[in-house]
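For reference, the structure discussed in these notes is given below.
By convention in this document, chain letters (A, B, ...) are assigned in the order of the sequence lines, proteins followed by strands, and residues within each chain are numbered from 1. Note that the structure is predicted; figures quoted are calculated from it, not measured.
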Amino acid sequence: MPELPEVETIARQLAPELTNAVLSRVLVSRDDIIHGDPRPLPGLLRGRRVDRVHRRAKRIVMDLSGGAQLVFHLGMTGTLTMTRVRAAVDNHTHLRIRIRGTDRELRFRDPRRFGGVWCLTDQPKYVGQKLGPLGPEPLELRIKQFKAILRRSRPIKPLLLDQTVVAGLGNIYSDESLHAAGVHPLTRADSLDGDAASRLLRCIKSTLRRAIRFSGTTMMDYRTPSGAKGSFRRFLRVYGREGEPCRRCRASIERIVVAGRSSFFCPQCQRRTRERGKVRRCEREKMRT
DNA sequence: CGCATTTCCTGGAGGC
DNA sequence: TGCCTCCAGGAAATGC
């Protein structure tokens, strides 16, 4: 499930091969993953040069010559890979884009089809195809901004998952950040004091940065553009560890459903009341995998 | 508007 | 081994 660290990894690995590449033949084999009218897509892309590959929230953005942008959202099971043109094509490969003058191509594959592709150009047909509104990048978030975000009565977990509030966190890194900060997922956002707010923001950033360093987390489907798995899974402290001992206090990790999503937490480290001592907070922040 | 719930989709896991 | 049901979840759509 590609979240910010996974998408960042993909963008960084695609950038060296795609930057300055010119797109040639485009093959759409399943057009309902294209937002808007898929028919003009090949003509719109062919001949454009890739100026830059970057990430915004959980989206891969390719800036193309002529002011166009090609945007990918990977949903749950989406992958973007660079392969030889003649390599065997996996099923559920929906889009292939050849690179001019090479035997390489970009492939978008997404068995579950929660992902999607947007082509944003100056062409009238595409102007209206807006992507959903996004909140700020968590890694660029400042504490003042974050405290303003927390001034709501919602539980903290669904708030962190809401892309219009903060853009890039998903289920894994929300749970991991909340555990690192010692915050229970059902805690009302506006009940966090200033201390807890800055601790949580620091933990969100350090968790994301560390996950990027290990190329993200592969539970099932996520792969880097070269097909490799992310290796952050072995550092997870709560996500997917129901019934296993907390790596900090040995208490059994629990799973509850919050806003329709699994939420893993340690009942010992993440209490709903706020009477934890400063000493334990320090220990918690120093804990490294 | 704010927030909760439902829906989309496929393959893997687990029960029997 | 095979058949069945359940489940994962990002985000848009729908409900209240």
Worksheet, complete the sentence: When rounded to whole Å, the CG to C1' distance for the pair D110(A) and dG10(C) reads 11 Å
Item to complete: May I ask whether I256(A) and I156(A) are part of the same hydrophobic cluster, defined by side-chain heavy atoms of I, L, V, M, F, W, Y residues being less than 4.5 angstrom apart, directly or through others?
Response: no
Discussion item. Could you tell me how far apart E242(A) (CD) and dA13(B) (P) are, to the nearest whole angstrom?
Written reply: 17 Å
Worksheet item: Can R55(A) and E137(A) be counted as an ion pair, charged N to O under 4.0 angstrom?
Response: yes
Worksheet item: When you check the side-chain N and O atoms of D190(A) and S153(A), is any donor under 3.5 Å from an acceptor?
Response: no
Discussion item. In whole Å, I'd like the distance from the CZ atom of R151(A) to the C1' atom of dG2(B).
Written reply: 17 Å
Discussion item. Reading DNA chain B from 5' onward, which residue's closest nucleotide shows up sooner: D221(A) or S153(A)?
Written reply: S153(A)
Discussion item. Base, sugar-phosphate or nothing for R255(A)? Non-hydrogen atoms, less than 4.0 Å.
Written reply: sugar-phosphate
Fill in: Atom-to-atom span, CE of M220(A) to C1' of dT10(B) - whole angstrom
10 Å
Fill in: Atom-pair distance (CG on N91(A); P on dC9(B)), nearest Å
17 Å
Worksheet item: Once you round it to whole Å, what is the distance between P of dA13(C) and CD of Q163(A)?
Response: 16 Å
Item to complete: Look at all strands and tell whether S262(A) reaches a base, only sugar-phosphate, or nothing, counting heavy atoms closer than 4.0 Å.
Response: sugar-phosphate
Worksheet item: Looking only at side-chain N and O atoms, does R113(A) come under 4.0 Å of OP1 or OP2 in dT10(B)?
Response: yes
Worksheet item: From the list dC3(B), dA11(C), dA8(C), which nucleotide is the closest neighbour of the side chain of R261(A)?
Response: dA11(C)
Item to complete: Between F114(A) and R152(A), name the one whose nearest nucleotide on DNA chain B is closer to the 5' end.
Response: R152(A)
Worksheet item: So does H73(A) get a side-chain nitrogen or oxygen closer than 4.0 Å to the phosphate oxygens (OP1/OP2) of dG10(C)?
Response: no
Worksheet entry | D90(A)/R107(A) salt bridge by N-O under 4.0 Å criterion | no
Practice prompt. Grab the NZ-C1' distance between K58(A) and dG10(C) for me, whole Å please.
Written response: 6 Å
Discussion item. Below the 4.0 Å mark, does dC9(B) have OP1 or OP2 next to a side-chain nitrogen or oxygen of H92(A)?
Written reply: no
Discussion item. Between the side chains of D31(A) and R39(A), is the shortest nitrogen-to-carboxylate-oxygen separation below 4.0 Å, so that they form an ion pair?
Written reply: no
Discussion item. Please tell me if Y222(A) has a side-chain N or O lying less than 4.0 Å from either OP1 or OP2 of dA8(C).
Written reply: no
Discussion item. Among dG10(C), dT10(B), dA4(B), which nucleotide has an atom closest to any side-chain atom of R112(A)?
Written reply: dT10(B)
Fill in: Length of the line joining H94(A):NE2 and dT10(B):P, which is rounded to integer Å
9 Å
Item to complete: Remember a base hit wins even if backbone is also touched, and classify M219(A) as base, sugar-phosphate or nothing at under 4.0 Å, heavy atoms.
Response: nothing
